[in-house]
Number of protein chains: 2
Amino acid sequence: MDLSDRKRKILQAIIDEYIGTAEPVGSRAISKKENLGLSSATIRNEMADLEEMGYLIQPHTSAGRIPSDEGYRFYVNSLMQKYKIGVEAVSQLQMILENRVSQLEKIIKFAGAMASKLTDYTTVVTAPSGQNLEIKKIDLVLIGNRTVMLIVVTQTVRNQVMNIDIDEEVCRKLAVILNQKLSGLTASEITFDRIQEIQREIEQTVSLSPKVLIDIIHFVYDTITDDADTEIYVNNAKSILKYPEYSDVEKAGKIFSFLEDKENLKKLVNSTDSSGDGIEAKIGKENNLEIMNDCSLVSINYSLGDKASGKLAVIGPKRMNYSKVFASLDLISNEIDKILKYYISDE
Amino acid sequence: MDLSDRKRKILQAIIDEYIGTAEPVGSRAISKKENLGLSSATIRNEMADLEEMGYLIQPHTSAGRIPSDEGYRFYVNSLMQKYKIGVEAVSQLQMILENRVSQLEKIIKFAGAMASKLTDYTTVVTAPSGQNLEIKKIDLVLIGNRTVMLIVVTQTVRNQVMNIDIDEEVCRKLAVILNQKLSGLTASEITFDRIQEIQREIEQTVSLSPKVLIDIIHFVYDTITDDADTEIYVNNAKSILKYPEYSDVEKAGKIFSFLEDKENLKKLVNSTDSSGDGIEAKIGKENNLEIMNDCSLVSINYSLGDKASGKLAVIGPKRMNYSKVFASLDLISNEIDKILKYYISDE
DNA sequence: TGTTAGCACTCAAGGTATGAGAGTGCTAAC
DNA sequence: GTTAGCACTCTCATACCTTGAGTGCTAACA
């Protein structure tokens with residue numbers, strides 16, 4: 001299955017060209033542009049071979065060739081040139097980040113925005129699950145008549161509201177117990193057993209009707225362990241409309257619907273490999289999703305030390321500038337890692 | 001400037017028709033559909049009059065007429081029929097809301113989602129400014145080495161992070177003082193003078209380097225008064241692509257860019273009347289914004305008692321179904337008001 | 001005086017033919 | 001193994017024509 005050096009060069013030239021123009025590329029164009037010293041006829045023969053091998057597709061007899069999914073795959077794996085991001089961009093990114101040590105969420109949103117700015121494609125970024133973040137503090141605040149807000153502080157803040165009939169005094173006592181028992185743990189370490197232990201402790205200290213107590217216990221447990229609404233942020237969705245492959249409004253609309261459907265988007269993004277710290281590209285059908293057949297998803301994991309991790313991904317046309325996207329994601333994820341490591345360090 | 005009854009009926013019929021079809025409507029169509037007992041020739045004469053008066057426009061000589069901005073305006077002010085929302089939809093909305101008394105943010109997001117579901121247009125919803133919400137509690141939590149998070153609880157939670165070198169003990173003391181001095185107030189009541197008063201109090205109780213103290217004071221003041229990032233949520237942006245007036249990808253792209261540009265979107269939405277509790281429609285050029293020339297913005301204020309208010313708005317083609325949009329916004333804002341009133345009541 | 005039928009006219013939209021251009025595959029010669 | 005040359009194919013843009021919807025005007029009618 002390996003290709004002659006000449007075939008590789010030709011395939012690379014075709015894909016590079018196609019990425020730029022979105023037009024099928026012909027033999028003449030290649031023989032002119034590249035200085036391979038070959039005539040178009042020779043290139044034609046090679047192209048016919050490459051097509052037979054499955055790397056190229058001919059939309060119709062008298063058109064040039066475009067890369068197949070396999071062609072892109074080969075390109076990404078073996079042919080692609082390394083893209084070098086300009087020094088100005090890098091130092092600008094670093095500068096902004098340094099002045100922006102702030103909430104986790106802001107950093108994450110910023111990462112997405114930055115990626116879409118560098119690549120000019122749509123980006124998707126998910127917040128870390130929070131299940132592995134240490135609970136710094138828990139608070140219970142009365143914010144209205146019969147309305148209590150539970151606030152869980154980790155690197156970020158999660159809050160939830162419940163209607164229940166308790167007074168400020170009780171609130172305070174409950175908060176003290178919850179803090180004693182839970183702070184320092186991570187959400188994933190908190191089992192329902194542990195919470196029930198707390199329930200017994202509360203029974204001894206505070207006088208509450210059993211129903212209210214049970215409600216509170218469930219409330220606390222749910223709030224802490226609920227991971228359903230890990231956020232997912234989409235940036236620059238409109239860039240989709242820039243690419244000729246979506247000039248069909250019908251098609252564009254479908255992609256937009258998909259990008260607004262956070263649940264399925266999460267599924268897609270989470271279907272990428274979560275273990276490594278490398279970049280993963282899923283090209284067209286590799287995504288196993290009808291709507292992504294004409295798109296590629298390039299993703300990278302960023303991490304908060306060893307505690308939790310999220311994903312930063314780019315969604316774009318299959319003929320995206322992979323090398324630029326790879327370089328951008330790599331850069332951002334590295335810089336963000338640095339910041340986050342500093343930001344959550346405990347010593 | 002008043003119109004004969006017949007002209008009104010004809011104008012109404014034309015706009016109703018155009019709202020449905022997005023095609024210029026001709027005299028024959030009107031004379032057939034409406035049972036006015038008039039021939040197309042008569043209608044034609046009336047239409048010529050209406051055009052002269054500025055209510056209608058003829059895209060080209062041999063086409064039917066479409067409403068002008070003034071035509072829509074007249075329609076909205078005087079002609080429009082009341083739309084009745086189905087009982088099922090209403091009771092469904094009420095049911096969901098009742099089971100969903102939860103954070104302010106969630107309610108707001110839900111309002112936007114619901115409006116876009118009812119109308120099938122793009123909706124925009126802004127959170128209340130927070131400046132008039134009472135501070136329930138303030139907390140200061142150490143979340144990492146030299147990293148402090150300030151948490152301000154009102155009906156909602158705002159948090160901000162700062163790098164500063166203090167220990168847990170100091171944190172706690174500061175939190176106590178801040179709570180004593182600030183809880184119960186609204187952000188708008190907090191002046192820098194007042195904060196400086198607190199600064200003096202801190203100086204007496206806690207030993208801190210002057211620089212750190214000043215940093216903290218600024219940090220607190222900024223976090224509380226910062227209103228820059230009041231959120232704005234966009235729903236169902238993709239619906240734009242459904243309407244033939246945006247089948248031009250170019251045009252659609254511009255609208256999308258605009259919808260992603262939160263700052264300018266806020267400006268647009270906030271340019272609507274904020275005092276009343278009625279519905280306001282801005283049609284085409286009335287928005288004073290190039291990009292909105294072919295769109296209408298219909299908005300309503302919702303309120304949290306008398307304390308703060310936000311906006312719920314629909315953005316759609318000028319030929320939107322105004323009467324349905326009006327009814328939907330009215331319904332949702334009413335229901336949300338009810339819930340919020342209950343939710344923030346203090347007694 | 002208001003309404004209507006009739007007719008000539010206009011214009012956009014859609015279908016068809018045509019030609020140019022890009023690109024291919026194949027063959028034969030180098 | 002490489003290349004020049006040629007016939008062939010297919011898309012795209014253009015021009016042209018037809019069709020149909022709709023108008024404005026005029027003259028006749030109630």
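Every chain is numbered from 1 and lettered A, B, ... according to where its sequence line falls, protein lines coming before strand lines. Heavy atoms only: backbone and side chains are in, while hydrogens, waters and symmetry mates are out.
Of the possible polar contacts, one joining the Asp69(A) side chain to the Lys285(A) backbone as a donor-acceptor pair under 3.5 Å is found.
Inter-residue side-chain proximity for Asp120(A) and Lys242(A) is flagged as met; some heavy-atom pair is nearer than 4.5 Å. Between Arg319(A) and Tyr243(A) the shortest side-chain heavy-atom distance falls below 4.5 Å. Tyr246(B) is not listed as a side-chain neighbour of Phe256(B), based on a closest heavy-atom distance of 4.5 Å or more. Looking only at side-chain heavy atoms (C-beta outward), Asn45(B) and Asp49(B) stay at 4.5 Å or farther from each other.
Here dT2(D) presents its C1' atom at 9 Å from CG of Asn45(A), a figure rounded to the nearest Å. Summarising the geometry, the separation between CD on Glu23(A) and P on dT11(D) is reported as 14 Å, rounded to the nearest angstrom. Leu38(A) has its CG atom 15 Å from the C1' atom of dA4(D), to the nearest Å. In this entry the distance linking CE of Met47(A) with C1' of dA22(C) reads 12 Å, nearest Å. Across the protein-nucleic acid pair, Lys32(B) atom NZ and dG22(D) atom P stand 11 Å apart, rounded to whole Å. If you measure from atom CG of Asp49(B) to atom C1' of dT23(D), you get 14 Å, rounded to the nearest angstrom. Atom P of nucleotide dA21(D) and atom CD1 of Ile43(B) are separated by 18 Å, given to the nearest angstrom. The separation between Glu46(A) atom CD and dT2(D) atom P is 7 Å, rounded to whole Å.
Near DNA chain D, meaning a heavy atom under 4.0 Å from it, residues 60-71 of chain A has His60(A), Thr61(A), Ser62(A) in order of number.
Across all strands, Ser27(A) comes closer than 4.0 Å only to sugar-phosphate atoms, never to a base (heavy-atom distances).
Taking side-chain N and O atoms only, Arg28(B) has no distance below 4.0 Å to OP1 or OP2 of dT4(C). Between Arg44(A) and dT27(C) there is no side-chain polar atom (N or O) within less than 4.0 angstrom of OP1 or OP2.
At most 12 heavy atoms of other shown residues, nucleotides or ligands fall within 6.0 angstrom of atom NZ in Lys254(B).
Between Val249(B) and Val249(A), the shortest heavy-atom contact is CG2-CG2, 3.8 Å.
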Its dot-bracket string being built from Watson-Crick and G-U pairs below 3.5 Å, with | for another strand and [ ] for crossing, DNA chain C has the pattern ||||||||||||||||||||||||||||||
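By the 4.0 Å N-to-carboxylate-O rule, Glu70(B) lies too far from Arg73(B) to be salt-bridged with it.
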Might you work through the side-chain hydrogen bond (donor to acceptor under 3.5 Å, both in side chains) test for Ser39(B) and Ser31(B), ending with a clear yes or no?
CA-CA 6 Å; Ser39(B) 78; Ser31(B) 95; over 6 Å; no
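Toward the 5' end of DNA chain C, the nearer of the two residues Pro59(B) and Ser39(B), judged by each one's closest nucleotide, is Ser39(B). Each of Ala29(A) and Ala41(B) was assigned the nucleotide of DNA chain C with the nearest heavy atom; the assignment lying further toward the 5' end belongs to Ala41(B).
Checking dC25(D), dT2(D), dG25(C) against every side-chain atom of Thr42(A), the shortest atom distance belongs to dT2(D).
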